[in-house]
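Worksheet for the structure shown next.
Ligands are counted one by one from 1 in listed order, and the atoms in each one are counted from 1 as well.
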Amino acid sequence: MDGFTPWPAGLEARYKAEGYWKDRLLGDVLRGDPSRTALVAGDDRLTYAELDARAARAAAGCLALGIGRGDRVVVQLPNTAAFVVTFLALVRIGAAPVLALPAHRESEIRYLCELSEARAYICADRDGDFDYRAMARTLPVDRVIVDGDAGEFTPLASVDADPVESTPPSPADIGVFLLSGGTTGLPKLIPRTHRDYVYNLEASAGVCGFTPATVYLVVLPAAHNFALACPGILGVFATGGTVVLSPSGSPDEAFPLIERERATVCAVVPPIALLWLDAVSWQEEDISSLELLQVGGAKFAAERAAEVPGTLGCQVQQVFGMAEGLLNYTRLDDPSDLVEQTQGRPLSPADEIRIVDEDGEQVAPGDVGELLTRGPYTLRGYYRAAEHNARSFTPDGFYRTGDLVRRLPSGHLIVEGREKDQINRGGDKVSAEELENHLLAHPAVHDAAVVGVPDPMMGERTCAFLILRDGGKAPALAEIKEFLRTRGLAAYKFPDRLETADAFPRTPVGKISKKTLAARVAPS
Ligand code: OOB
């Protein structure tokens with residue numbers, strides 16, 4: 001597989017011998033009782049047998065279009081049954097979905113199509129005012145498949161044929177590509193093999209106590225690793241429970257679904273958890289079925305975590321994960337101080353953790369340093385990114401997370417900050433360099449530096465410092481947003497605030513000091 005960095009043979013043998021990697025495939029995760037409900041989405045209510053049959057027909061339909069093993073397909077679908085069926089169909093025939101978020105726009109999607117040399121792009125017809133079909137017309141792919149009104153393109157409903165036998169993929173093949181949060185000018189693709197992702201979702205389902213009685217409400221984008229496989233949709237399928245899709249995490253949409261479907265588990269980012277903690281006082285729905293609220297993607301404050309059981313009537317679990325692999329969970333039987341104050345401990349006994357200083361030396365136990373990790377479900381290299389990989393991994397294959405953590409004697413990690421040049425906007429990741437590059441294209445901008453500003457709801461918001469060209473007039477925030485929209489950048493990456501500067505403060509080695517810049521706008 002070109003562009004894929006395999007695990008070394010010694011570790012591969014170990015992960016197999018110790019039972020982390022089994023010969024299981026992502027296409028075989030539907031393990032529930034055939035007559036039980038697997039998926040509830042809008043008006044769709046599918047049993048395991050029905051979902052299996054739909055996936056088999058869609059898989060045959062893809063094969064008939066010439067999509068098959070080893071192909072990549074960019075998938076950009078919202079939380080609908082079509083997403084689930086499409087995902088299952090592609091992984092069954094060994095075509096790897098490249099999972100874009102519904103919020104991505106031409107800048108991101110074009111790059112994903114190019115980098116992955118996608119055979120097809122599968123999208124919805126619209127998202128509110130935005131027309132995916134208009135965007136699709138300019139993309140470098142031979143085939144566009146549209147869920148809904150397809151216009152001149154292939155309707156997703158027509159990707160349907162009588163099931164046929166096909167050669168299954170190998171467990172060592174790439175099963176799915178996830179998107180990295182990114183610290184560079186362009187997003188990176190994370191290849192996840194069938195066997196590592198199956199381990200990821202099965203082990204997660206074990207730690208989170210999923211059973212056939214689990215009713216899992218999806219409020220985050222289904223294409224995000226957290227909602228998909230931590231344990232997520234796939235973890236539910238592997239243990240025989242029911243998945244319920246919500247279009248969003250808004251209490252107006254999510255609470256009625258919890259009440260109606262008697263949902264037991266939900267995964268959210270901190271801003272949604274904060275919203276729910278407030279919303280219980282005015283929402284009238286009965287959400288007493290909820291047993292577990294998983295919170296992750298960004299730091300969830302200990303004080304707020306402590307409020308969850310009393311206010312929402314369920315257990316809270318902190319999840320510190322990454323699309324690159326490593327997952328940390330607080331355990332269901334952890335004492336409350338660990339659940340509230342830490343971001344959990346590694347999922348797997350085979351996860352290796354190093355916490356290092358700037359010179360790469362391990363810090364003293366309990367000290368803060370950068371988290372490095374390797375293990376049976378953590379990537380060994382981004383896809384087709386040799387140069388970046390040389391910086392992102394140690395010579396012995398540890399992934400440099402860019403997260404600053406300290407470790408308690410129990411093994412639990414506390415996230416103390418970040419070293420990477422990224423803004424974590426309520427769980428949505430914004431690469432400073434990517435946004436800066438777009439800002440630099442604006443005619444009034446001479447130089448740009450993007451930093452995070454603390455925010456009570458979002459954790460951080462995005463502030464762009466601009467040095468203007470000689471005599472230039474400072475553009476208004478609305479104008480900059482409109483400019484970025486025309487450049488096809490996803491809206492969650494737009495700055496929330498603009499500041500101008502005459503010069504940027506520099507570190508002793510001459511790099512822009514983002515710390516100094518951030519301090520200028522931090523609330524005192
Ligand atoms: C999840 O995945 P990504 O790939 O969107 O982002 C990973 C990064 C981490 O490196 C860290 O910087 C941050 O997001 N992060 C957290 C956190 N969870 C993630 N920072 C502080 N506290 C936490 N609990 O965000 C993700 C993937 C799987 C499960 C959950 C989250």
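Residue nearest to atom 24 (N) of ligand 1, selected from Leu371, Leu101, Thr330, Val319: Val319 (by heavy-atom distance). The residue from Phe300, Tyr399, Phe320, Phe226 that puts a heavy atom closest to atom 29 (C) of ligand 1 is Phe226. Closest heavy-atom approach to atom 10 (O) of ligand 1 among the candidates Leu220, Asp403, Asn200: Asp403. Relative to atom 7 (C) of ligand 1, the option among Gly181, Gly321, Gly402, Ala323 with the closest non-hydrogen atom is Gly321.
Those atoms of ligand 1 that come under 4.0 Å of a heavy atom in Leu327, given as number and element, are 28 (C). Of all the atoms in ligand 1, the ones that sit under 4.0 Å from a non-hydrogen atom of Asn424 are 13 (C). Atom numbering of ligand 1 starts at 1 in the shown order; those under 4.0 Å from a heavy atom of Asn225 are 27 (C), 28 (C).
Of the heavy atoms in Leu178, none comes closer than 4.0 Å to ligand 1. In Lys420, the part holding a heavy atom less than 4.0 Å from any atom of ligand 1 is the side chain. For Val295, no heavy-atom contact with ligand 1 is shorter than 4.0 Å. Within the 4.0 Å heavy-atom criterion, the part of Gln343 lying near ligand 1 is the side chain and not the backbone. Of the heavy atoms in Ala298, only backbone atoms (N, CA, C, O) come closer than 4.0 Å to ligand 1.
Note on ring orientation: taking the six-membered ring where Trp is involved, the planes of Trp276 and Phe255 are perpendicular (angle over 60°, cut-offs 30° and 60°).
Of the protein's heavy atoms, Lys299 N, 3.3 Å lies nearest to atom 21 (C) of ligand 1. For atom 15 (N) of ligand 1, the nearest protein heavy atom (residue, atom name, distance) is Gly297 O, 3.4 Å.
Qualifying side chain to side chain donor-acceptor pair (under 3.5 Å) partners for Asp403, counting only residues two or more places apart in sequence or in other chains: none. Partners of Thr86 under the side-chain contact (heavy atoms from CB on, under 4.5 Å) rule, at least two apart in sequence or in another chain, are Val75, Leu77, Leu90, Ile122, Leu156.
For ligand 1, the polar-atom distance check against His224 finds a nitrogen or oxygen pair separated by under 3.5 Å. Considering backbone and side-chain N/O atoms, Thr401 never comes within less than 3.5 Å of an N/O atom of ligand 1. Some N or O of Lys429 is nearer than 3.5 Å to an N or O of ligand 1, by distance alone. Distances between N or O atoms of Leu179 and those of ligand 1 include no value under 3.5 Å.
Considering all non-hydrogen atoms of both residues, Ala350 and Tyr15 come closest at CB-CE2, 4.2 Å. Across all non-hydrogen atoms, the minimal contact from Leu179 to Leu189 is CD1-CD2, 3.7 Å.
Donor-acceptor pairing under 3.5 Å is recorded for the side chains of Tyr492 and His104.
The cationic group of Arg105 lies under 6.0 Å from the six-membered ring centre of Phe130 and within 45° of the ring axis, placing it in a cation-pi geometry.
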**Residue pair Glu12, Arg195: steps toward the salt bridge (charged side-chain N to carboxylate O under 4.0 Å, His left out) verdict** = CA-CA 11 Å; Glu12 172 174 358; Arg195 60 189 177 190; 3.3 Å; yes
**Request:** Please report the C-alpha distance between Asp367 and Arg406 in whole Å, then the side-chain angles of each, then the deciding distance to 0.1 Å, and finally whether the salt bridge (charged side-chain N to carboxylate O under 4.0 Å, His left out) criterion is met.
**Result:** CA-CA 6 Å; Asp367 281 2; Arg406 71 192 160 88; over 6 Å; no
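Ion pairing of Arg354 with Asp396 is present here, as a side-chain N (NZ or NE/NH1/NH2) and a carboxylate O approach within less than 4.0 Å.
Each of Gln343, Arg345, His412 was scored for a side-chain contact (heavy atoms from CB on, under 4.5 Å) with Phe320, with one residue passing: Gln343.
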